[in-house]
Amino acid sequence: MSDLADRTFVASEQPPERRPLTEEVIRDVWTRTYNVDGKPDWANIYPYYHDDIVFSDPIQRHEGIEAFKGMCEKLAGRSKQLHFDIEELL
């Protein structure tokens with residue numbers, strides 16, 4: 001098990017300063033997104049999204065960081081567990 005599994009980020013803390021995106025940083029930030037119950041805490045990735053983010057998929061569209069955060073919180077709230085595999089970084 002890597003030392004990343006031992007790191008935790010509490011939502012009430014200030015998120016870490018945004019670092020230039022490298023493969024290592026992306027894997028580090030996403031690894032810290034999940035707690036032991038599989039429920040994500042995306043607070044540490046929000047700094048990497050633009051305030052004017054537009055998120056859309058076939059059934060929804062969210063404009064702005066606050067709408068995006070709301071969508072993420074709804075997803076986490078209605079999911080028993082979420083799992084992401086990073087297979088490729090472009």
Side-chain angles (χ1 to χ4, degrees):
M1 183 175 288
S2 77
D3 64 306
L4 294 177
D6 296 330
R7 297 182 190 176
T8 58
F9 178 78
V10 178
S12 61
E13 295 175 3
Q14 286 292 330
E17 189 172 315
R18 190 169 68 182
R19 300 173 282 167
L21 287 177
T22 64
E23 180 175 347
E24 181 182 339
V25 169
I26 292 169
R27 291 184 188 280
D28 176 48
V29 169
W30 275 97
T31 299
R32 290 184 292 119
T33 299
Y34 296 91
N35 68 26
V36 295
D37 297 325
K39 291 285 189 173
D41 176 4
W42 283 298
N44 60 312
I45 66 168
Y46 292 145
Y48 292 93
Y49 289 92
H50 193 278
D51 287 343
D52 297 328
I53 182 176
V54 175
F55 174 89
S56 65
D57 64 20
I59 61 169
Q60 60 186 340
R61 180 179 171 93
H62 301 279
E63 297 183 22
I65 192 67
E66 293 307 317
F68 177 71
K69 288 177 180 180
M71 181 218 39
C72 291
E73 296 307 315
K74 283 183 184 177
L75 174 63
R78 70 175 179 253
S79 301
K80 290 182 181 180
Q81 185 176 37
L82 294 171
H83 177 84
F84 290 92
D85 290 321
I86 301 173
E87 295 183 5
E88 184 175 358
L89 298 172
L90 302 175

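Under the rule for a side chain to side chain donor-acceptor pair (under 3.5 Å), Glu66 has no partner lying at least two apart in sequence or in another chain. Residues that satisfy the ring-ring contact (aromatic ring centres under 6.0 Å, His included) test with Tyr49, not counting sequence neighbours, are Phe68. Partners of Lys74 under the side chain to side chain contact (heavy atoms under 4.5 Å, CB included) rule, at least two apart in sequence or in another chain, are Arg78. Under the salt bridge (Lys or Arg N to Asp or Glu O under 4.0 Å) criterion, Glu73 pairs with no residue, sequence neighbours left out. Residues that satisfy the side chain to side chain donor-acceptor pair (under 3.5 Å) test with Gln60, not counting sequence neighbours, are Asp57, His62. Not counting sequence neighbours, the partners of Val25 by the side chain to side chain contact (heavy atoms under 4.5 Å, CB included) test are Arg19, Leu21, Thr22, Val29, Tyr48.
No chain of hydrophobic side-chain contacts below 4.5 Å, direct or via other Ile, Leu, Val, Met, Phe, Trp or Tyr residues, connects Ile45 to Val54.
Note: Met71 CE to Arg61 CZ = 13.0 Å, rounded to the nearest 0.5 Å. Here the CD1 atom belonging to Ile65 is positioned 12.0 Å from the CZ atom belonging to Phe55, to the nearest 0.5 angstrom.
The minimum heavy-atom distance between Ala43 and Pro47, with the atom names listed, is O-CD, 3.4 Å. For the residue pair Thr33 and Trp42, the shortest heavy atom distance occurs at CG2-CD1, 3.3 Å.
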